[in-house]
Amino acid sequence: MKIATWNVNSLKVRQQHVIDWLEASGTDVLCLQELKLTDDKFPRAELEEKGYRSWFAGQKTYNGVGIVVRAGLNVDEDSVVRNIPGFEDPQQRVIAATIEGVRIVSAYFPNGQAPGTDKFAYKLRWLAALHDWVASEMARSPKFALLGDYNIAPEDRDVHDPKAWEGQNLVSPEERAEFVRLIALGLTDAFRQFEQPEKIYSWWDYRMMAFRRNAGMRIDHILLSKALAEICTSCEVDKVPRKWEQPSDHAPVVAQLG
DNA sequence: ATGGCTTATGTGATAAGA
């Protein structure tokens, strides 16, 4: 099973990219973030036509997450959960489903704006709630995968210019500590399981020709429980869709299970 | 240089992203 995560920065604008990339990559389960549309605007029928079923939690203008699954894969309908249970939040940032016995979570972590702001405090509250919920999910589902836009670059090697970014949003010690706390639950960063070239990133600012300069950050991740990490044979960032016309500022991250 | 693009909303300027 090939699983992937992609922040599409508006599914309305990126609908054709998603369809093209699904077919080109052979992905079985695609976790989407930043749909930026309400549920009635989700292109469910269009994806169905191409052979994929979808589950999603959308809202107007901002956020919104989904899981797109190749038809034929077994999805437990009763397993679908939207948002972090017990964490009151109007922002649609989490959806989970059990697919072929694998607990899949698609998550859009808060951006946080800057340390010291209200949005940053919300990010830390959200991370704490996610941590506790993930712990309980892992206890129930040994095959567990947390995919999404984490809005955290875990280490300096995940940042094009660590000196310039030191202490700032996405790399601050508080955020990185929360990432480490997730890892401490028994999760593995699938990307770092394998030898990788240097300077691999998953997001590049639209401005300043950042993509051409490879001035990016690795903030989109696939974390796997032990049972899945053991059967994971590859994990890569696919930069190709970032070169397409009118691209998302994020590239998809893909992991092969089994 | 705290901007530089891109998107949504809505029809023009603002908010938000990272």
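First the proteins, then the strands, lettered A, B, ... as listed; each starts at 1. Keep in mind that what you see is a predicted model, and the values were worked out from it rather than measured.
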Q: Provide the closest heavy-atom pair for His221(A) versus Thr5(A) in the form atom of the first, atom of the second, distance.
A: O-CG2, 3.9 Å
Q.
Surrounding NZ of Lys36(A) (heavy atoms of other residues, nucleotides or ligands, distance under 6.0 Å), is the total greater than 12?
A. yes
Q: Tell me what Leu37(A) touches on the nucleic acid: a base, only sugar-phosphate, or nothing, going by heavy atoms under 4.0 Å.
A: nothing
Would you list the protein and nucleotides 11-16 of chain B atom pairs, both N or O, that sit under 3.5 Å from each other?
none

Q | Sugar-phosphate, base or nothing in reach of Gln246(A), heavy atoms under 4.0 Å | A | sugar-phosphate
Q: Classify the side chain of Asp205(A) versus the base of dA18(B) as yes if they form a donor-acceptor pair under 3.5 Å and no if they do not.
A: no
Q. Distance between the P atoms of dA15(B) and dG3(B), in whole angstroms?
A. 12 Å
Q | Arg14(A) side-chain N/O to dT7(B) phosphate OP1/OP2 under 4.0 Å | A | yes
Q. Any side-chain heavy-atom pair from Glu230(A) and Lys226(A) closer than 4.5 angstrom?
A. yes
Q) Looking at Phe211(A), does the NZ or CZ of Arg242(A) lie under 6.0 angstrom from its six-membered ring centre and within 45 degrees of the ring axis? A) yes
Q. Is His250(A) near enough to dA18(B) that one of its side-chain N or O atoms lies under 4.0 angstrom from OP1 or OP2?
A. yes
Q: Check every strand shown and say whether Tyr108(A) touches a base, only sugar-phosphate, or nothing at a heavy-atom separation below 4.0 Å.
A: sugar-phosphate
**Q.** Nucleotide dG4(B), atom C1' - distance to CG of Asp249(A) in whole Å
**A.** 14 Å
**Q.** Under 4.0 angstrom between Asn9(A) side-chain N/O and dT7(B) OP1 or OP2
**A.** no
Q | C1'-based separation of dT11(B) from dT2(B) [nearest Å] | A | 28 Å
Q.
I'd like to know whether the aromatic ring centres of His250(A) and Trp6(A) sit less than 6.0 Å apart in this structure.
A. no
Q: May I ask you to check whether Trp133(A) and Phe87(A) place their ring centres under 6.0 Å from each other?
A: no
Q: Please state how far atom CG in Asp161(A) lies from atom C1' in dA18(B), giving the value in whole angstrom units.
A: 15 Å
(Q) By nearest heavy atom, map Asp149(A) and Met208(A) onto DNA chain B; which one lands nearer the 5' end? (A) Met208(A)
Q) Within the distance-only criterion (no hydrogens, no angle test), does the side chain of Arg218(A) pair as donor or acceptor with the backbone N or O of Val159(A) below 3.5 angstrom? A) no
Q) Tell me: CG of Asn63(A) to P of dG17(B), nearest whole Å? A) 8 Å
Q. Which part of the nucleic acid, if any, lies within reach of Asn151(A) when heavy atoms closer than 4.0 Å are counted: base, sugar-phosphate only, or nothing?
A. sugar-phosphate
**Q.** Tyr206(A) side-chain proximity, nearest of dG10(B), dT6(B), dT7(B)
**A.** dT6(B)
Q: For Trp165(A) and for Arg207(A), find the nucleotide of DNA chain B with the closest heavy atom, then tell me which residue's nucleotide is more 5'.
A: Arg207(A)
**Q.** Candidate nucleotides dA18(B), dG17(B), dA8(B), ranked by approach to the side chain of Trp203(A) - the nearest
**A.** dA18(B)
Q.
Using a heavy-atom cut-off of 4.0 Å across all strands, would you classify Asn7(A) as base, sugar-phosphate, or nothing?
A. sugar-phosphate
Q) Is there a side-chain polar atom (N or O) of Ser10(A) under 4.0 Å from OP1 or OP2 of dT6(B)? A) no
Q | Nearest-Å distance once atom C1' is located in both dT7(B) and dG12(B) | A | 15 Å
(Q) Say we look at dG4(B) and dG17(B): how far apart would their C1' atoms be, to the nearest angstrom? (A) 14 Å
Q | Rounded distance in Å between the P positions of dT14(B) and dA18(B) | A | 22 Å
Q. Separation of Arg242(A) atom CZ from dC5(B) atom P, in whole Å?
A. 13 Å
Q. How many Å lie between CD on Gln33(A) and P on dA18(B), as a whole number?
A. 10 Å
Q. Counting only heavy atoms not in Arg44(A), do more than 12 fall under 6.0 Å of its CZ?
A. no
